[in-house]
Amino acid sequence: MNQIWNIARKELSDGLRNRWLLAISLLFAMLAAGIAWLGAAASGQVGFTSIPATIASLSSLATFLMPLIALLLAYDAIVGEEEGGTLLLLLTYPLSRAQILLGKFIGHGLILGLATLIGFGCAALAIAVLVADVELGMLVWAFARFMLSSTLLGLVFIALAYLLSSLVQEKSSAAGLALGVWFVFVLVFDLALLAILVLSEGRFNPELLPWLLLLNPTDVFRLINLAGFEGASSMVGVMALGSDLPVGNGLLWLCLLGWAGLALGLAFLAFRRREL
């Protein structure tokens, strides 16, 4: 366990030195505060509207940003270490590949989790202080669930970045594949589901479509954060399929955890088979 923690501490130290933690925290804080107060500007309202509307907007923001940040943070975790010559050095120590991968995963997860807590936590604190009639219990519950699920979504894509980094031989290839993965999960997947829904003209089993949302961790993340609010019944687009999904919120959390575990397991298999 000490070896794993040493690797995690080294990754966290690198993140602090490279200003990753500071940059991500500031980005999240500014965007969250802007959405909280200016999210309804298009309808002619300026100022805080409601907790459900704020969380829904933040969830849409995190769906785009969190996977991209996680992939950029970890895409060179393996191939970059190999190109720099430090991976072979690490393997000369009494460290297994599983310990190296798990240590990196914990370290990058700490960076992402701390940045999420600081950035979005500052926005929640600002709402609690500046909005007079806000319901503090709901605010804490909604933001805690949002921050925890955001971090878990980031862990899924960190593990996917490790998988890509273990399969390629150059950092440039890993970066290109990382952007491709982001593009597929964040943009293409939902468009493909909508195309199936429209073009099938009833020939595709409609009861199966909602289950397909579970094949995309970003959709699972949005379903988690939209559940429990009155606005969940008025979801639009592909998210409207989620209202027909006969699963509880707990199963959605397990699904997101399963995505993280599956991606990390595949990354370990690829890393173990990698020839140095």
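Using a 4.0 Å cut-off between charged side-chain N and carboxylate O, Lys10 and Glu81 make a salt bridge.
Here the shortest heavy-atom pairing between Gly109 and Ile158 reads N-CD1, 4.1 Å. Across every non-hydrogen atom of His108 and Ala74, the tightest pair is ND1-CB, 4.0 Å. Taking both residues in full, the closest heavy atoms of Ile100 and Leu91 are given as CD1-CD2, 3.5 Å, listed atom of the first, atom of the second, then distance. Taking each heavy atom of Ser165 and Arg274 in turn, the nearest pair found is O-NH1, 3.4 Å. Of all heavy-atom pairs spanning Ala123 and Ala32, the tightest one is CB-CB, 3.5 Å. The two residues Leu112 and Gly154 come nearest to each other via the heavy atoms CD2-CA, 3.4 Å.
Separating the CD1 atom in Ile35 from the CG atom in Leu58 is a distance of 5.0 Å, to the nearest 0.5 Å. With rounding to the nearest 0.5 Å, the separation of CG in Leu152 from OG1 in Thr116 is 11.0 Å. Note: Gln99 CD to Ile7 CD1 = 8.5 Å, rounded to the nearest 0.5 Å. For the atom pair OG1 of Thr218 and CG of Leu213, the computed distance is 9.5 Å after rounding to the nearest 0.5 Å. One distance of note links CG of Leu269 with OG of Ser166; it measures 10.0 Å at 0.5 Å rounding. Here CG of Leu163 is found 10.5 Å from CD1 of Ile78. Values are rounded to the nearest 0.5 Å.
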> Do Phe64 and Trp182 pass the side-chain contact (heavy atoms from CB on, under 4.5 Å) test, and can you show the C-alpha distance, the side-chain angles, and the key distance before you say yes or no?
Replying inline: CA-CA 8 Å; Phe64 285 89; Trp182 178 85; 4.0 Å; yes

> Could you go step by step and tell me if Leu72 and Ile69 meet the side-chain contact (heavy atoms from CB on, under 4.5 Å) rule?
Replying inline: CA-CA 5 Å; Leu72 291 176; Ile69 290 173; 5.8 Å; no

>> Could you go through Asp14 and Lys104, starting from their C-alpha distance and side-chain angles, then the distance that decides it, and tell me whether this counts as salt bridge (charged side-chain N to carboxylate O under 4.0 Å, His left out)?
In response: CA-CA 11 Å; Asp14 289 346; Lys104 286 180 171 292; over 6 Å; no

>> Walk me through whether Met66 and Leu71 qualify under side-chain contact (heavy atoms from CB on, under 4.5 Å).
In response: CA-CA 9 Å; Met66 190 62 72; Leu71 289 167; over 6 Å; no

> So Leu177 and Tyr75, side-chain contact (heavy atoms from CB on, under 4.5 Å) or not? Walk me through it.
Replying inline: CA-CA 9 Å; Leu177 286 174; Tyr75 79 93; over 6 Å; no

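For the pair Tyr162 (side chain) and Ala77 (backbone), a donor-acceptor distance under 3.5 Å is absent. The main-chain N or O of Phe271 is found under 3.5 Å from a side-chain atom of Arg97 such that the two form a donor-acceptor pair. A donor-acceptor pair under 3.5 Å is formed between the side chain of Glu83 and the backbone N or O of Lys171. Thr86 places no side-chain N or O within donor-acceptor distance of the main-chain N or O of Glu82, the cut-off being under 3.5 Å.
Between Phe146 and Phe221, the two ring planes are tilted [angle within 30° to 60°].
Between the side chains of Ser149 and Asn225, at least one donor N or O lies within less than 3.5 Å of an accepting N or O.
For Phe185 and Trp259, the gap between ring centers is short of 6.0 Å. Side-chain rings of Phe143 and Phe120 stay apart, their centers remaining 6.0 Å or farther from each other.
Sparse packing is recorded around CZ of Arg19, with 12 or fewer heavy atoms of other residues, nucleotides or ligands lying under 6.0 Å away.
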